[in-house]
Amino acid sequence: MGELDTTLGVISVCYVLAWGLYGVMSTQTYSYFQKFVADSLWLKGLVTVLWLLDTLQLVLIGHVLYYWLITNYANPAVLADSEFQLSNGNWILSGIIVLLSFCYFGFDMAVQGRTFELVKIALFFEFQASFMDTD
């Protein structure tokens, strides 16, 4: 039973924390649409897609947890089979997802690194403006 504490227990705790972060992200998304009305449609679409992907991720994780913890309560044999297999063994699709994840991570690290290099807060807004289309 200790093994389940370190697998499903951790997933359950992280799922609850993820919902908290989802609330923060939803508030930021709402705030973005209220404050930056003049932003380009492309940027607004990107924000919407990221929010939808985060929503989908939480729904899928919730479904898997429900399947493992409620539907198959006291049936540890079900843990041997995966409920979801989105790629269906497709290595190309999996590779593309991994590559895009690393690109996203690399871009985020570059932006964070550049942000910490800024000496004055006014420079931050100049830096931010270079990434945002203010048409």
Side-chain angles (χ1 to χ4, degrees):
M1 191 61 153
E3 192 173 304
L4 291 178
D5 288 342
T6 59
T7 54
L8 293 178
V10 171
I11 294 172
S12 298
V13 169
C14 290
Y15 183 64
V16 170
L17 294 174
W19 269 107
L21 293 174
Y22 177 74
V24 171
M25 181 183 185
S26 295
T27 302
Q28 288 178 336
T29 302
Y30 176 79
S31 177
Y32 166 77
F33 281 108
Q34 295 297 314
K35 292 181 181 179
F36 298 100
V37 178
D39 274 357
S40 68
L41 191 59
W42 183 86
L43 192 57
K44 288 179 181 179
L46 180 63
V47 170
T48 303
V49 166
L50 290 175
W51 182 81
L52 289 173
L53 286 174
D54 199 26
T55 303
L56 177 64
Q57 173 186 332
L58 284 174
V59 168
L60 292 176
I61 293 171
H63 171 72
V64 169
L65 281 174
Y66 188 88
Y67 176 78
W68 283 338
L69 298 174
I70 307 299
T71 304
N72 288 292
Y73 178 74
N75 183 11
V78 79
L79 295 175
D81 294 327
S82 176
E83 173 68 3
F84 281 115
Q85 189 174 9
L86 297 178
S87 70
N88 200 22
N90 186 340
W91 287 96
I92 295 172
L93 178 61
S94 299
I96 290 170
I97 291 171
V98 168
L99 179 66
L100 290 175
S101 297
F102 278 119
C103 289
Y104 174 79
F105 178 75
F107 179 73
D108 187 48
M109 290 296 105
V111 169
Q112 294 298 325
R114 293 274 300 163
T115 302
F116 286 119
E117 292 175 2
L118 301 175
V119 179
K120 296 181 180 178
I121 194 68
L123 294 175
F124 174 74
F125 292 110
E126 290 177 22
F127 176 72
Q128 182 183 16
S130 68
F131 282 101
M132 300 179 78
D133 185 20
T134 57
D135 290 338

Discussion item. Would you say F36 ends up clustered with M25 if hydrophobic residues are merged whenever their side chains have heavy atoms under 4.5 Å apart, either directly or through other cluster members?
Written reply: yes
Practice prompt. May I ask whether L21 and L60 are part of the same hydrophobic cluster, defined by side-chain heavy atoms of I, L, V, M, F, W, Y residues being less than 4.5 angstrom apart, directly or through others?
Written response: no
Discussion item. Nearest 0.5 Å, please: how far is OG1 in T55 from OH in Y22?
Written reply: 2.5 Å
Worksheet item: To the nearest 0.5 Å, how far apart are CG in L99 and OG in S94?
Response: 12.5 Å
Discussion item. With a sphere of 6.0 Å drawn around OH of Y66, does it hold more than 12 non-hydrogen atoms of other residues, nucleotides or ligands?
Written reply: no
Fill in: Main-chain N/O of A38 paired with K44 side-chain donor or acceptor, under 3.5 Å
no
Discussion item. Is it true that, when you exclude Y15 itself, more than 12 heavy atoms of the residues, nucleotides or ligands shown sit nearer than 6.0 Å to its OH?
Written reply: yes
Discussion item. I11 and side chain to side chain contact (heavy atoms under 4.5 Å, CB included): which single residue from L65, V64, L69, V16 fits?
Written reply: L65
Worksheet item: Who passes side-chain contact (heavy atoms from CB on, under 4.5 Å) against L46, sequence neighbours left out?
Response: W42, L43, L50
Worksheet item: Counting distance only, does the side-chain N/O of S31 pair as donor-acceptor with the main-chain N or O of T27 below 3.5 Å?
Response: no
Worksheet, complete the sentence: Interatomic distance, OH@Y32 vs CH2@W51, rounded to 0.5 Å, equals 15.5 Å
Fill in: Nonpolar side-chain network containing I96, other nodes, edges under 4.5 Å
I92, L100
Discussion item. Is it the case that over 12 heavy atoms from other parts of the model lie below 6.0 angstrom from the CG atom of L41?
Written reply: no
Item to complete: Could you grab the distance from atom CZ of F33 to atom CD of Q28, nearest 0.5 Å is fine?
Response: 13.0 Å
Practice prompt. Give me the one residue out of D54, V47, V24, L52 that meets side chain to side chain contact (heavy atoms under 4.5 Å, CB included) with T29.
Written response: V47
